[in-house]
Trainee: 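I'd like to ask some things about the structure below.
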Amino acid sequence: MLLAGTLALAHRVLLLLSGFLAATLLLLRVALAGVLALLTRILVLLLRHSGKLPCWTSERR
């Protein structure tokens, strides 16, 4: 009886840990995508400011 209870508890702990791992990986993926998008925006702004990338929203002169 004690062994069955211990195995059931271990099983629940493993399921809980796997859920935490999946949630952590998902959050890291979302955070990484946000950081990459921010870095891309900064790079585009720097290139536009230096004149090496045309600004498609401005009128031609």
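Numbers here simply count residues along the sequence, with the first being 1. This one's a predicted model, so the numbers in the text were calculated from it and none came from an experiment.
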Trainee: Flag the pair L47 / L43 as yes when at least one side-chain heavy-atom distance between them is below 4.5 Å, and no otherwise.
Mentor: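 A side-chain contact under 4.5 Å exists here.
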Trainee: Kindly compute the distance separating OG1 (T24) from CG (L17), expressed to the nearest 0.5 Å.
Mentor: 10.0 Å
Trainee: Establish whether L36 and L27 are linked, either directly or via other cluster members, by ILVMFWY side-chain heavy-atom contacts under 4.5 Å.
Mentor: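 L36 does not cluster with L27.
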Trainee: Using 0.5 Å steps for rounding, measure from the CG atom of L9 to the CG atom of L14.
Mentor: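 It is 9.5 Å, given to the nearest 0.5 Å.
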Trainee: Side chains of L28 and L32: closer than 4.5 Å at any heavy-atom pair?
Mentor: no
